[in-house]
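Structure first, then comments.
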Amino acid sequence: MQTRKHVLRRSPEGVPSEDDFELVEATVADPADREVLVAVRYVSLDPGQRSRLGTGSDYAGSLNVAVDEVVTGYAVGEVVESNHPDFAAGDSVKGELEWAEYCVVSGDELSPVDVPAGVSESAALSVLGGTGRTAYFGLLDVGEPRPGETVVVSAAAGAVGSVVGQIARLAGCRAVGITGSDEKVAYVTEQLGFEAAINYRTDDVEQALGERCPDGVDVYFDNVGGEIYDAVLGHLNQRARIAVCGKISLYNEDDPDPGPRFMHQRKRVREEGFIVHDFANRFEEADERLGEWLSEGSISFREHVSDGIEHLPSAFIGLFDGDNIGKQLVEIHHGGNEP
Ligand SMILES: NC(=O)c1ccc[n+]([C@@H]2O[C@H](COP(=O)([O-])OP(=O)(O)OC[C@H]3O[C@@H](n4cnc5c(N)ncnc54)[C@H](OP(=O)(O)O)[C@@H]3O)[C@@H](O)[C@H]2O)c1
């Protein structure tokens, strides 16, 4: 069987460019014992993947992709052929798959996609997958919000941020978002129930935080780092918590400023970084709660789905330009050669 797949041709210098990737034709090997042939359906695009491509800041640091190797990412797909006892043709599966139409993977690395009836399987990559879990544990366990507090979240209209603000609201807090366009400000305030939002491209963030957080900031859920992080520091209350989820503004820097700043001691601030896998033994709890909130209409989510394998590099690069509202995915079609 033939497939198209994206190969990394060079490690990006600074912001990745489309020329760093090449879409090539290849033959897919037959699956060996315990292996599975998968037709890739939806690929998740995550800012943290930047560090796996080399150069730039070393954020996640593992699962690196070498030059001339196929790029991989978290994805869902349909089993076409299985030599693994847990899977059969037609099953919907998720795991680390290739940026390809078809690929062969070890069945030991796959899990079944399990989403409620009527919900797209792509939700296993967004609100009912890593995105939702990151928001859930990062806010509730690391940020420890209490009713009546103010929670500020950056990249607020993105995959993780949009869920964080809604969970903050459910926890009885005021959710204030920082994001990159008026359309995104309107989305989080009018559709997701954030109390207020700031467009960091057009507003004076320092001043806007003072106006929109009159009682100061108790929890800052940091998705971006850099100047936005610095602006929030001046508004933190005594005993504030910072949940460091990510630092997208620094991912393309070779030598990011290590921080943190002196405000922490004076205000007894607790800052804690986390990786969603720290909570792997409680994923079921998050999936259940998020599923309930979704089915009762307490939270909603949006997916930004780009169409076609050709668009994987541009969709990934678009994360750094803020092209997406909600979770950035790419849907893969199989050219009339559907499984
Ligand atoms: N700790 C973990 O386990 C974990 C898991 C998943 C994700 N993350 C991190 O969580 C963060 C959000 O990830 P996501 O998947 O939800 O992505 P996302 O928020 O859907 O997409 C990234 C967004 O970041 C904003 N952005 C890009 N460059 C920026 C810059 N220089 N300054 C400020 N904002 C910028 C853009 O929105 P605007 O238009 O608002 O600029 C863009 O839409 C990332 O830092 C990611 O690495 C961490």
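The analysis underlying the following values was restricted to heavy atoms, covering all of them including side chains, and did not include hydrogens, waters or symmetry mates. First listed ligand is number 1; within each ligand, the first listed atom is number 1. Being a predicted model, the structure only gives us computed values, none of them experimental.
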- prompt: Where's the contact between Val224 and ligand 1, heavy-atom distance under 4.0 Å: side chain, backbone, both or neither?
  reply: side chain

statement: Taking only non-hydrogen atoms of Gly158 and a 4.0 Å limit, the atoms of ligand 1 in range are 18 (P), 19 (O), 20 (O)

query: Hey, does Leu319 sit under 4.0 Å from ligand 1 if you only count heavy atoms?
result: yes

- prompt: Going by heavy atoms, is Gln328 under 4.0 Å from ligand 1?
  reply: no

query: Which atoms of ligand 1 sit under 4.0 Å from any heavy atom of Lys247?
result: 45 (O)

message: Looking at every heavy atom in both Ser162 and Phe194, which two are closest together, and how far apart are they?
response: O-CE1, 4.1 Å

field: Residue Gly326 vicinity, atoms of ligand 1 by number, heavy atom under 4.0 Å
entry: 20 (O)

message: If I apply the N/O under 3.5 Å rule, does Pro47 come out as touching ligand 1?
response: no

query: How about Asp114: does its CG atom have over 12 heavy atoms from other parts shown lying under 6.0 Å from it?
result: no

field: Lys327 to Ser44 - nearest heavy-atom pair and separation
entry: NZ-OG, 2.9 Å

field: Proximity to ligand 1 by part of Thr179, non-hydrogen separation under 4.0 Å
entry: both

Compile the donor-acceptor pairs under 3.5 Å between side chains in residues 272-279 and protein atoms, sequence neighbours left out, one pair per line.
| from | atom 1 | to | atom 2 | distance (Å) |
| --- | --- | --- | --- | --- |
| Glu272 | OE1 | Arg270 | NH1 | 2.8 |
| Asp278 | OD2 | Ile275 | N | 3.0 |

query: By side-chain contact (heavy atoms from CB on, under 4.5 Å), which residues pair with His84, not counting sequence neighbours?
result: Arg34, Val36, Ser82, Asp86, Phe87, Asp108

